[in-house]
Protein chains: 2
Amino acid sequence: MKPKLTLKQIARELDVSISTVSKALRDSSEIGEETRKKIKAFAKLYNYRPNNIALSLKNRKTKTIGIIIPEIVHYFFTTVISGVEQVANEMGYNVIVCLSNNSFDKEVLNLEMLANGSTDGFILSLAKETMQKEDYHHLTEVTNQGMPVVLFDRVVDEIHCDKVIIDDVIGAKKAVQYLLDKGSKKIGLVSTVDYVSVGKLRTRGYLEVLRENNVEIDDKLILKIEDMDNSETEIKDFIDKNEVDAVFAVNEHFAIYAIKAIQEKGLKVPEDVSVIGFTDGELSKRFIPSLTTVSQHGERMGAEAARLLIDKLERKPEEEESYRTVIVETNLIERNSTKL
Amino acid sequence: MKPKLTLKQIARELDVSISTVSKALRDSSEIGEETRKKIKAFAKLYNYRPNNIALSLKNRKTKTIGIIIPEIVHYFFTTVISGVEQVANEMGYNVIVCLSNNSFDKEVLNLEMLANGSTDGFILSLAKETMQKEDYHHLTEVTNQGMPVVLFDRVVDEIHCDKVIIDDVIGAKKAVQYLLDKGSKKIGLVSTVDYVSVGKLRTRGYLEVLRENNVEIDDKLILKIEDMDNSETEIKDFIDKNEVDAVFAVNEHFAIYAIKAIQEKGLKVPEDVSVIGFTDGELSKRFIPSLTTVSQHGERMGAEAARLLIDKLERKPEEEESYRTVIVETNLIERNSTKL
DNA sequence: GTATTTTGCGCAAACGTTTGAGTGTTGAAA
DNA sequence: TTTCAACACTCAAACGTTTGCGCAAAATAC
């Protein structure tokens, strides 16, 4: 139980001053060859490592970036974390992960906590509740203090900062166009209510493509899930009541519930009805039939977000502010839930 | 762009000393009513928050706990994180998540990094590579420095610390006994190679139950997956070559590959062959047929681990050391991949 | 032999806090 | 008037670093 070596202890042990030790270890030319060697040998022998906290205080930077996500038990978010982590580590940064659990209050709390010196900047995706409330003061406050923030996936125009998003509209268009190309005529949409930005945008893509292809839009074929906990039965009802030859769902789960409902109705996927999902997770790959889906490339988004943030962190203060939005391209992964 | 309020600035602004400000904010009786009110009002107005880094340095504790896991894109680990996070936040602790990506070197690096002042203690699950190498010096070093460590899931006897595990043997026994009770005679096992402790233990449970029930053990019915990337075809081969009426797989993926192989062979699950998995993830719930499985209760494990760690952190130093191992009970979740 | 430069090291301040000890003023008891 | 406690506040050290500056001794130059 040796209580961690410090400069002070090395100094005492070797009978030199603290600054001599510090300088020696940092190869300062101020220190003589001999003393330097002696100190370095000692430090190495006892495995000296500088205390990060003290360094953070001194340098006024922590070399850690905070990431706040709505939930962690969620494939997409974990891939984003993975992407952030890779880039961050490469650049010598640590990552702190906090969860908002989709709660506004917890998002605020986490942000405040991390903003008080724990991190140099943030990467975050807004909690659902925050987007409903449209209250972003906690974020503007943080940015006002000069801490860079990068928003991803669930972003919002009101906050001025770097952003990483996918083009939800184009992604949705790709999916629906694909269905049309394969001969589908009556394409159902299973989406979320509009305050979830991605639901709104993907719905827009759906509508645009239909219009571009002169397909009549039938409101009955559009389902907007209000209550996630009840989504399975809502989707079942929807499928039972409507006759469709294809379904575009805005996430994996909805797609799978749709497939289940279709199968229970006595129809086959993809022979009778094609289904396309969004987000390429475990389920999409492993489900039978495996899901044709729009891939979001979470890892790439995380990497981009980390790069944007670190860029801001290491930029000289003279350079003028400017915010970028990078759009990570989606692409359609063809599997077995759509006909060839 | 106001650069974050400090005690010093408040002191200058209100023309008192720094210590007066500090004491006033902490409601010290040393400070007069009037000044205290004035200072508190000012602090509130400008939203003063003490700097965590400075506090950490002063108090020699950070109120954060580090968690290092082999991979984050993995349902079980995310549920553990979720559990840790809940308890940690309740107790006023922050959580730093780092990934070892199953690499020994990265595990060492992360540990060193976090050990240098960033966290008060660790919760971790060993990287696969670490278990192969059987090199735990990085962990013993950390514990020698007096930092508490809690190991979970992938644990090892050589390290003396608190541990949270599930009873893999009992869990496996429950599963296999269940299959026997339902009338299965030839139960296949799909496991991992033995240096992955959980694979070994679950295999042991399988063997024990068969022995207890006087069922002959047929080595041909035991598959040990060496190369994860190739597991799908290995399992397909295994199923094709052997006649079984049930399969016990040590994780979700293996279970699903088994089901696929069984179906491709022209047999039905669960009518012809029952399948049981381990770990209750998204896939188990949503797959068709949904999987009967041994639930690991990741969230509960995380919560237990956090409690153990915080307990150690807040214990007075006089109290003597003792290490506990808590075993989180598994239970069988019956779904549709086994016959009734 | 003195004047100047170089070498090798220590001092002290700073980062933002907390806190025990010290200090000066007030008011009351002796 | 002296003594002393109570009050309200400030000083300074500490946590572990880094770094500009100062200073003595040694080495060089004149």
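Proteins get letters first, then strands, A, B, ... in listed order; numbering begins at 1 in each. All values reported here derive from a predicted model rather than from experimental measurement. Note: hydrogens, waters and symmetry copies are ignored here, and every other heavy atom, side chains too, is used.
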Legend entry - Interatomic distance, B:Asp27 CG vs C:dT18 P [rounded to whole Å]: 12 Å

Legend entry - Note: A:Glu71-A:Lys128 ion pair, threshold 4.0 Å (strictly below): no

Inset, instruction - Assign the ring pair A:His138 / A:Phe104 to parallel, tilted or perpendicular, where the plane angle (0 to 90°) is split at 30° and 60°. - result: perpendicular

Inset, instruction - Starting from C1' on C:dT17, measure out to CG on A:Asn116 and report it in whole angstrom. - result: 13 Å

Legend entry - Any donor-acceptor N or O pair under 3.5 Å, side chains A:Asn102, A:Glu107: no

Legend entry - Polar side chain donor-acceptor pair, A:Asn47 to B:Glu141, under 3.5 angstrom: yes

Legend entry - B:Arg36 side chain near D:dC9 phosphate (N/O to OP1/OP2, under 4.0 Å): no

Inset, instruction - Decide, yes or no, whether a salt bridge links B:Glu314 with B:Lys63 under the criterion of side-chain N to carboxylate O below 4.0 Å. - result: yes

Inset, instruction - Take atom CD1 of B:Ile53 and atom P of D:dT18, then tell me their distance rounded to the nearest Å. - result: 15 Å

Inset, instruction - Indicate, with a heavy-atom threshold strictly under 4.0 Å, whether B:Leu55 touches base, sugar-phosphate, or nothing. - result: sugar-phosphate

Under-3.5 Å N/O pairs linking protein and nucleotides 19-21 of chain D:
from   : atom 1 : to      : atom 2 : distance (Å)
D:dT19 : OP2    : A:Arg26 : NH1    : 3.3
D:dG20 : O6     : A:Lys23 : NZ     : 2.7
D:dC21 : N4     : A:Glu30 : OE1    : 3.2

Inset, instruction - Tell me what A:Thr35 touches on the nucleic acid: a base, only sugar-phosphate, or nothing, going by heavy atoms under 4.0 Å. - result: sugar-phosphate

Legend entry - Salt-bridge contact B:Glu33-B:Lys37 (side-chain N to carboxylate O under 4.0 Å): yes

Inset, instruction - Give a yes/no answer on whether the side chain of A:Tyr48 brings an N or O atom under 4.0 Å of OP1 or OP2 in D:dG16. - result: no

Inset, instruction - Can you tell me the distance, in whole Å, between the CD atom of B:Glu33 and the P atom of D:dC9? - result: 11 Å

Inset, instruction - Decide whether B:Asn116 and A:Lys4 meet the rule of one side-chain donor and one side-chain acceptor closer than 3.5 Å. - result: yes

Legend entry - Nearest-Å distance for atom pair CZ/C1', residues B:Arg60 and C:dT18: 13 Å

Legend entry - Interatomic distance, A:Gln145 CD vs C:dG16 P [rounded to whole Å]: 13 Å

Legend entry - Position toward the 5' end of DNA chain D (nearest nucleotide), A:Thr6 or B:Val21: B:Val21

Inset, instruction - Indicate whether OP1 or OP2 belonging to D:dA14 is found under 4.0 Å from a side-chain N or O atom of A:Lys8. - result: no

